Each structure stands twice: as C-alpha cells, then as structure tokens.
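Here is how names work: the chains are called A, B, and so on, in the same order as the sequence lines, proteins then strands, and each is numbered from 1. Quick caveat, the model's predicted, so the values are computed rather than measured.
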Amino acid sequence: MSALQEIRNRFAPVLAGLTDDVELALSMIRASQDSKFGDFQANCAMPLAKSSGVAPRELAQQIVELVQLDNLCEKVEVAGPGFINLRLRTDWLEQQARAIVSDERLGVSRVEAKKIVIDYSSPNVAKPMHVGHLRSSVIGNCLERVLRFVGHDVISDNHIGDWGTQFGMIIYGYRHFVDESAYRDEPVAELARLYRLVSQISDYHEAGRKLPDVEEQIEKNGVLITQLKSSEDDPKKKTKSLKKLRSEHEGLLETLAGLQSKRRAVDSDADFQKLAIDHSDIARLARLETAKLHSGDEENRALWDEFLPECLKALDHVYRKLGVSFDKTLGESFYQPMLADVVADLKEAGLAIESDGAVCIFAEGNDAPFIVQKSDGAYTYATTDLATIRYRVKVLGTQVMYYVVDTRQSEHFKLLLDTARRWGFGEIEFQHVNFGTVLGDDRRPFKTRSGDTVGLESLLDEAVARAHEVVVENDPAATLDEETRRGVAEAVGIGGIKYADLHHNRESDYVFNWDKMLAKNGDTATYIQYANARINGIFRKGEIELDALRADAGLLRLEHDSERGLFLQLQSFGDALSAVGREMRPNMLTQFLFETANRFSTFYQDCPVLKEADDAIRSSRLLLCDLTSRTLTLGLSLLGIDAPKQM
RNA sequence: GCGCCCGUAGCUCAGUCGGAUAGAGCAUCGGAUUUCUAAUCCGAGGGUCGCAGGUUCGAAUCCUGCCGGGCGUGCCA
C-alpha cells in the first residue's frame, strides 16, 4: 500500500463524520507540489468548513487532532487558509520497503476486476499502415497493459477494416493489372501496388472532374474578395469576412494543388496516362466489385479469401516491429452476417426510421442522423459498430468498452454511444478514448515532403537506424558488440517513438520531431533507459547477486535526502498506475517514470554505492538501486518500451 | 450557419472533479568529472496563463462575452 493510500485510510473515519462524500474529501489529499510543505497535503478542510460553519483553520486543527497519525507522520502543520501539511516518518518509509522488495508487483495492489474490451489500432487492411495508426496502436497498447496489470480482465480487439471499398479496388486491380510473378513472390507488396495503382487512376479521373469546379470557385472567390475590399461595409465586419474569404481561398488553392499533383502523377508518364485513359470508369467498376463481394459473388469471395491472410501477415509484420499484439482481431467482415438483423432490431425497437431513403437514428439535440443503412441498401460502419457492441456484450460478457480512436471521430462516437444506450446497453460503460493528430513541422498533419502520408513501417525502421547511429556515437570504445548495439538501437528507436507519443496529453495534437524523440537528454525514453542501464552497470561491476541481495535484505536506510526522495517516489508507483487507469492517460505514467529516473540520477550523484564503506549503507543503497531498476523496467514495459541492461 | 476542441516561458509541452510563490524539457548563461557509464548532475535568467468581465476565502482550471487558431458537420471509415 502506498503512503498516500495509507494516509487516506487514516483520514477516512474522521472525514466520514464531516461529510457525505468522503471520497471527494479524500481525493483532496495529495502529494505536495513543493517539498517545503511536507510530503503530502490535505486540502479538504477549506471546503468542509463552509458547510460546517467552523473557521477553516480551526476545522483543520480539529481534523489533525482526530486523525490517528502517530506512527506514520512526524509533524503535522496547519498552514495558510487551512492546508494540512504532512511529513512522513522516515522509519515508517523504511519499514514499507520490506514489503515492496519481496513483492513482484512492487507493492501495487489489484483493483476489483472488470471485463474490459479495449478497441484500438483498427487499420484498413490491404492499405499500408501510416503514421495515423501510430497513436491508436501505441496509446491503446499501453492502456491495455496498464489495465491488465492493475487487475482487470482485458481483451484487446483490433477492429480491422477488412470488408470495405479497398477490396473492390484490389479485385479490379488484380483482374486487370496483376504481375503474376511479383504476386507469387511477394503477394502483399503486389497487392499494395495494385491498390495504389487503382486509387491513383481513380483519383486522376476524379481530379479531372473536380478541377474545373475548383478553378471556377477560386475565380469567384477572387471576385468576392475584390468586391468586398471596395465595399462600404462596417470595417470590423469587413475585416472578418475578408479574413474568412482569404482562408477559404487558401484552402481552395491547396485543394487545387492537390488535384493538379494527382493529374501530374499520371500525365508525366505517357504509358501511365494511356492506362488511365483506358480505364476511365475505374472508380465505378471498382465499387461494383465491392458490391459483388458483399452480395456473395463466389469469384470475388474466393479472391477475398485469398487476399486477406496475406494482408493480415503484412499487418503482423508491422505489429511485431512495434511490439503490439491483440487478443482478438475481429474485423468488419466478422460482423457482416449480423448487420441485417441489427437494422431489423433497431427498427423494431423504434429507434431507426427511414429518412430520404436511408435508415437513420436521430439523437436528441443532434441534427446529423446516424445512418445504419444507406439508400442503396448497403450498411455502414455505424451498423458494424452497433453489431460489435452487441456481440461484445452478449457473447464476450463485456462490462466496459474503450475505443482508442482519433478525436475527429467524436461526433460518430457520440451518436454511437447514445444509440447503444437507448438500444438497451445503458449498463455498459463506454468511453471514446480520443487523441489528437500527429503534426509535421509546418503544423499540418504529418506528411512526407512530397505530400504523401508517412508509412508506419519506414518510420519505425528510420527510428531504429537513427538510434543505431546514436548508439555507435556513444560507444567509441566499442564495449558493446554489434548484436547488443542492435538490441539497444531497437529499444531506443522504437521506445523513443512510443515515448514521444505517450508523454503528451493524448487529447493534444503534437509536432513530430526526430531530434527530440531520440535526444539523449530531457523527458525521453532514452533518459529513463539510461538510468536503468547505469543501475545494472553497478550490479555488473560489483558482481551483485540480486536474489541474495533481496533475500537477506536488511532495512532500507533513507538518511540522505536523495535516498528518501527516491524511495518516496518509488512507493507511489501504484498511485501513478491507478491514475492512468482512471483517466486513461499514459502521460501520467511517463511523468512518473521521468521523475523517478530524475531522482535516481540525483541519488546516483550524491550517494556512492559500491564505494560506500559501511556495509549496511552499501547494501541499503544496492537495494534502493534494485527497486529503482525494477520499477523503471516494469513501468517502461507497461508503456510497451524495452529497458536494456547495458547501453 | 451549427457543433466540438484549443490559446500557458524564445521553442515543444505538462498542469482534468479550483488550492499556497503557475511547472518540466529544449534552447541560453554559469558551475561540477583523474566517474559506481557525462546518454549525467547542480544552479541562473526567462510568464499580463489570448483579452475583458463574473462566481469564490482562493481561478490557468468554473460561467459569460470578445479576439485568434484547429477539427467535424446526411448516405467515406
């Protein structure tokens, strides 16, 4: 049990006599932000004073006198308007260490288990994964690990898009453009090429159709701007409309550039151009192939059966590099047979009605409908999502569902979850665990120089390659062999990418920056990994037997400020993890680990370990090192990051 | 038009059920090393928390208005 939990337990009976909402009052006991106020502070006296009619400081004093803290805290002060400042007795802290040293879970207790499905990553198969899939995969995987560690019964589910329009495109491509030998050698690469080819031709024609429109709009827009400039409107209003028009203008120019580049990609190559012209109706025909697949056409179904395993293999390849795996991979195709029944059920329940030929669900206070069947009879992802919810609850027995999905889909999830509640799943706890966009230096969504989305696999490879350079640079004496170096590069590279993502508040957009994520200093994975490597360096150099050390461990001695500060941090590991699980925020774990590594580095500077002459102090420090290493290693592993023993 | 989100140090960001003098990293400047790995440590400077009101003992945090930016918005997922 952490010190914070212990303090809260001591306060609970006293606060129960003062308020109905003890939990709320207890949540106001927290670690002090400044050590001069002690280790912990209770801020509950001020708000409680209001209802009880006693002066806050006086109430704080009364609470202090009633709470049984004798063996726990050394001094208790009432300060300011009614803060209660607590400082732990060092001998109490030293006692705690015993329990943690012998506990594999490092003193982190388990919560009451809930059956949770966490839905993340969810790429479309047959298209290469890109940087947009990074956040969902990394955040989702971290939360999965944390939730499981704190004791929940977790199922991770990769809800892949394996039944969508991309298969029509691949089928069309396969029928017309396949390179047989390339397909035999590397089916996935060939399928990806076919997908890209078909979408390029399709985009080419679409761009051709749209170009005149966009050009016309730009012209109109230009005229509007000129007119507005010379108009006699209220100047404030004028500036505002002008600004809006200009930003629209910029948007249009960007669209125009995009369309022109799609045209150029084809026109610049005479053969390609000819091919495109020969397949001018490609978009419609590809859609037709999709429709045939969905309506049970045998040939298309056979092709789908042939392609899908290859696509899954390609995904696995990336997931292996990323260190991510799933309990289930139940994609759109899995739910496809259930969709008709879902719509029928929704209609019967009186939730879904027909509107403009589509079957829609309207939510109160929302204009946009939730469309579960399009006017052409096809189902949508909304239908699939509802079928998924029903399956997860009825078949898997799920109590909690988390969706780790881009924040731009908030509207969809709002409607989905509202519908689910009205459909009879009101008892289920749903949360859209939303996240922001990965941006480039230009603050636009992260793209390559040529404007393409960044492939996830190449991104990971580049991270490892860059990390390898850093490893070599930092090991001029070549004390590490090449295999070790590669292992470190992998841990540092992949870890760097993951950490950069996880240490931001997940709801914020963030700017992708190579130098920062692989930097040796600062709030990075490397810094934390390095702290751990140094600890293991001590063990290696001192030839320390860890099992023996733990077995005949004496008391931890926390005499030096940096020893005490480090252990105080270590014993709050469980507090950090429960915060992550409660808020679904991995950055609360990265923050904990950074702070831990930081305090270790200070301790390392201040307190010699192997060189310490006093045996008791020496072994106490070794034990502290061991606890730190175990905490860092476990903490990093919950982020999905490796912790090399040497680097 | 409507809806949602954001605006914190030169830069990148924490700060989420209101709490003490608003924090970190980078960058800048200064200091520490015959090292238990300097991929380190210690210190300094740097802020009208977009603006203006309001609620409160107390506001970066809650409410209102304004300014600036992003995203979404009926048959794509």
Rounded distance in Å - [atom1] ([X]) to [atom2] ([N]):
X        : N      : atom1 : atom2 : value
A:Asp515 : B:rA39 : CG    : P     : 18 Å
A:Asn513 : B:rC13 : CG    : C1'   : 12 Å
A:Asn43  : B:rU61 : CG    : P     : 18 Å
A:Ile528 : B:rA24 : CD1   : P     : 17 Å
A:Gln605 : B:rG31 : CD    : P     : 17 Å
A:Phe40  : B:rG19 : CZ    : P     : 18 Å
A:Phe600 : B:rC41 : CZ    : P     : 11 Å
A:Asp561 : B:rC42 : CG    : P     : 13 Å

Pairing check on [N]: which nucleotide meets the Watson-Crick or G-U wobble criteria with it, both distances under 3.5 Å?
N      : value
B:rC76 : none
B:rC41 : B:rG31
B:rC49 : none
B:rU21 : none
B:rU56 : none
B:rC71 : B:rG3

Would one find a side-chain N or O of [X] under 4.0 angstrom from OP1 or OP2 of [N]?
X        : N      : answer
A:Tyr527 : B:rC41 : yes
A:Ser410 : B:rC5  : no
A:Thr380 : B:rC75 : no
A:Lys50  : B:rU56 : no
A:Thr602 : B:rC42 : yes
A:Arg585 : B:rA14 : no

Looking only at N and O atoms, is any donor in the side chain of [X] or the base of [N] less than 3.5 Å from an acceptor on the other one?
X        : N      : answer
A:Tyr381 : B:rA77 : yes
A:Ser375 : B:rC75 : yes
A:Ser355 : B:rG74 : yes
A:Gln41  : B:rA20 : yes
A:Ser27  : B:rC17 : yes
A:Asn85  : B:rA20 : yes

With no hydrogens and no angle check, do the side chains of [X] and [Y] hold a donor and an acceptor under 3.5 Å apart?
X        : Y        : value
A:Tyr510 : A:Asp501 : yes
A:Asp385 : A:Tyr335 : no
A:Thr596 : A:Gln569 : yes
A:Asp575 : A:Ser578 : no
A:Thr479 : A:Asp475 : yes

Worksheet item: Which part of the nucleic acid does A:Met28 contact within heavy-atom distance under 4.0 Å: base, sugar-phosphate only, or nothing?
Response: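 Contact class for A:Met28: none.
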Spacing of the [atom1] atoms in [M] and [N] (rounded, Å):
N      : M      : atom1 : value
B:rA77 : B:rU73 : C1'   : 15 Å
B:rG19 : B:rU56 : C1'   : 12 Å
B:rC66 : B:rC75 : C1'   : 38 Å
B:rU28 : B:rG70 : P     : 31 Å
B:rA27 : B:rU37 : C1'   : 26 Å
B:rU8  : B:rG50 : C1'   : 10 Å

Fill in: Whether over 12 other heavy atoms sit under 6.0 Å from A:Asp34 CG
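Correct, the count exceeds 12.
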Fill in: Ring-base stacking, A:Phe83 with B:rA20 (5.5 Å, 30° cut-offs)
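Stacked: centres under 5.5 Å apart, planes under 30°.
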Worksheet item: Is any NZ, NE, NH1 or NH2 atom of the basic residue among A:Glu595 and A:Arg599 found under 4.0 Å from an Asp or Glu carboxylate oxygen of the other?
Response: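 Salt bridge present between A:Glu595 and A:Arg599.
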Discussion item. Quick check: closest heavy atoms across A:Asn532 and A:Pro644, and the distance to 0.1 Å?
Written reply: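 Result for this residue pair: ND2-O, 3.4 Å.
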